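Presented below is the structure to which this report refers.
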Amino acid sequence: MAYTRKQIADLIDGKLDWNTLHQMLSNPKDPERFDQYISILQERVPWSDRILLPYSLHLYIVQKENGDRVIKCDCGYEFGDYRENWKLNALIYVRDSVESLAELYPKMMCADPSWQVIREYYCPGCKTQLEVEAVTPWYPVIHDWEPDLEGFYEEWLGRPLPEPKKAESK
C-alpha cells in the first residue's frame with residue numbers, strides 16, 4: 001500500500017494517527033516511501049547537499065558536491081566523514097558531579113558519579129542536543145553505528161548508491 005506525502009510528513013512529525021501508523025509498521029514497505037521520506041527531509045533543511053540516509057534525529061549522511069559523505073546537522077554543521085564517530089566533533093557536557101546530576105534527578109535518586117556519568121552531545125552550530133549517554137566515567141565515547149550505504153541502496157532499495165553530482169562547466 002502506498003502512502004501519501006502528507007502521511008509520510010505526519011509520520012516524521014509524530015502526528016500520524018495510530019491506525020495508519022499500525023498499518024505502516026505491519027505491512028511491507030512500499031518502494032516509493034524511502035524516496036518520499038528523503039524528499040520531505042531534503043525540503044526541510046537549509047542546505048542543498050544530497051541526503052543519502054537519515055542518521056538520527058537532526059543528523060543526516062549527506063553527499064557533498066565533491067563526493068565526500070559526511071554527517072550533517074539540520075543547521076548545516078558538518079561533523080565529518082560518516083564512518084567516523086561524529087560525537088568526537090560535538091560539544092560534550094559531562095554530568096560528573098552530584099550537583100550536575102541532581103539537575104536531572106530527584107534528591108537521592110541519581111547514580112553515584114564515581115560509577116556513572118551522563119554525557120550530553122550538542123551541535124556546535126545550533127546547540128541542539130543530539131544524544132545522551134549514561135556510562136561509567138572511564139568508558140570511551142560510543143560510536144553508535146556505521147551504516148553500509150552501498151549495501152542498503154543495492155540490497156534493500158535495489159539500485160546503486162547515488163553518484164556525486166557533476167560540477168557544471170562554464
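Predicted model only: the values in this text are computed from it and were never measured.
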Taking every non-hydrogen atom, the tightest pair across V45 and D74 = CG1-OD1, 4.2 Å
Pair up each side-chain donor or acceptor in residues 90-101 with any protein partner under 3.5 Å, not counting sequence neighbours, and list the distances.
residue	atom	partner	partner atom	Å
R95	NE	E120	OE2	2.4
R95	NH1	S100	O	2.8
R95	NH1	E103	OE1	2.7
R95	NH2	E120	OE2	3.2
S97	OG	S100	N	3.0
S97	OG	S100	OG	3.1
S100	OG	D96	N	3.3
S100	OG	S97	N	3.3
S100	OG	S97	O	3.1

Just jot down the side-chain contact (heavy atoms from CB on, under 4.5 Å) partners of W138, sequence neighbours excluded, or say none.
-> T136
Above 12 or not: heavy atoms from other molecules or residues under 6.0 Å from CZ of F152?
-> yes
Do the charged groups of E32 and R5 touch, with an N to O distance under 4.0 Å?
-> no
Find out whether M24 and R33 are in side-chain contact, i.e. whether some heavy atom of one side chain is under 4.5 Å from a heavy atom of the other.
-> yes
Shortest non-hydrogen separation from K127 to Y122 and the atoms involved | O-CD2, 3.4 Å
Nearest heavy-atom pair of Y105 and C110: which atoms, and what distance?
-> CD1-CB, 3.5 Å
I61 to L149 - nearest heavy-atom pair and separation = CG2-CD1, 3.9 Å
Solution key, residues 8-17 side-chain donor-acceptor pairs under 3.5 Å, sequence neighbours excluded:
residue	atom	partner	partner atom	Å
D10	OD1	K6	NZ	3.4
D10	OD2	K6	NZ	2.8
D13	OD1	R44	NH1	2.6
D13	OD1	R44	NH2	3.4
D13	OD2	R44	NH2	3.1
D17	OD1	T20	OG1	2.8
D17	OD2	N19	N	3.3
D17	OD2	T20	N	3.0
D17	OD2	T20	OG1	3.0

In this structure, SG of C75 is separated from NE2 of H58 (nearest 0.5 Å) by 10.5 Å
Sequence-distant partners of D144, side-chain contact (heavy atoms from CB on, under 4.5 Å), two or more places apart = K87, E131, I142
What closest approach, in Å, do Y153 and P162 show between heavy atoms, and which atom pair accounts for it?
-> CE2-CD, 3.5 Å
So do Y82 and K72 actually touch side chain to side chain, heavy atoms under 4.5 Å?
-> no
Got P113 and P137 here, is their nearest side-chain heavy-atom distance under 4.5 Å?
-> no
For residues L52 and F34, report the shortest heavy-atom separation together with the two atoms involved.
-> O-CZ, 3.5 Å
So, do P54 and L41 sit near enough that their side-chain heavy atoms are less than 4.5 Å apart?
-> yes
Do any pairs count as a salt bridge (charged side-chain N to carboxylate O under 4.0 Å, His left out) and have a residue in residues 147-156, sequence neighbours left out, and if so which ones?
-> R69-E150
With sequence neighbours excluded, what pairs up with W115 under the ring pair (Phe, Tyr, Trp, His ring centres under 6.0 Å) test?
-> none
Are any of the side-chain heavy atoms of R119 and V141 separated by less than 4.5 Å?
-> yes
All ring pair (Phe, Tyr, Trp, His ring centres under 6.0 Å) counterparts of Y77, not counting sequence neighbours | F79
Considering residues at least two apart in sequence or located in another chain, which fulfil the side-chain contact (heavy atoms from CB on, under 4.5 Å) criterion with R83?
-> D81, E146
Taking atom NE2 of H143 as the centre, report whether more than 12 heavy atoms of other residues, nucleotides or ligands fall under 6.0 Å from it.
-> yes
For Y121, check side chain to side chain donor-acceptor pair (under 3.5 Å) against everything at least two apart and list the hits.
-> E133
Path from L157 to L161 over hydrophobic side-chain contacts below 4.5 Å | yes
Residues forming a side chain to side chain donor-acceptor pair (under 3.5 Å) with D112, sequence neighbours excluded | S114
For the side chain of S39 and the backbone of D35, is there at least one donor-acceptor N/O pair under 3.5 Å apart?
-> no
Without swapping roles, check the side chain of E78 against the backbone of I71 for a donor-acceptor pair under 3.5 Å.
-> no
Nearest-0.5 Å distance that lies between atom CH2 in W18 and atom CD in Q23 | 11.0 Å
Co-membership, hydrophobic cluster, residues L88 and L59, 4.5 Å side-chain | yes
Derivation and outcome, side-chain contact (heavy atoms from CB on, under 4.5 Å), residues Y60 and W47 = CA-CA 12 Å; Y60 312 89; W47 32 266; 3.8 Å; yes
Residue list, ring pair (Phe, Tyr, Trp, His ring centres under 6.0 Å) with W145, at least two apart or on another chain = Y55
Residues which pass side-chain contact (heavy atoms from CB on, under 4.5 Å) with D68, listed by chain and number, not counting sequence neighbours = K64, N66, V70
L57 with I51, same ILVMFWY side-chain cluster at under 4.5 Å = no
Mind checking whether Q7 and T4 have side chains closer than 4.5 Å, heavy atoms only?
-> yes
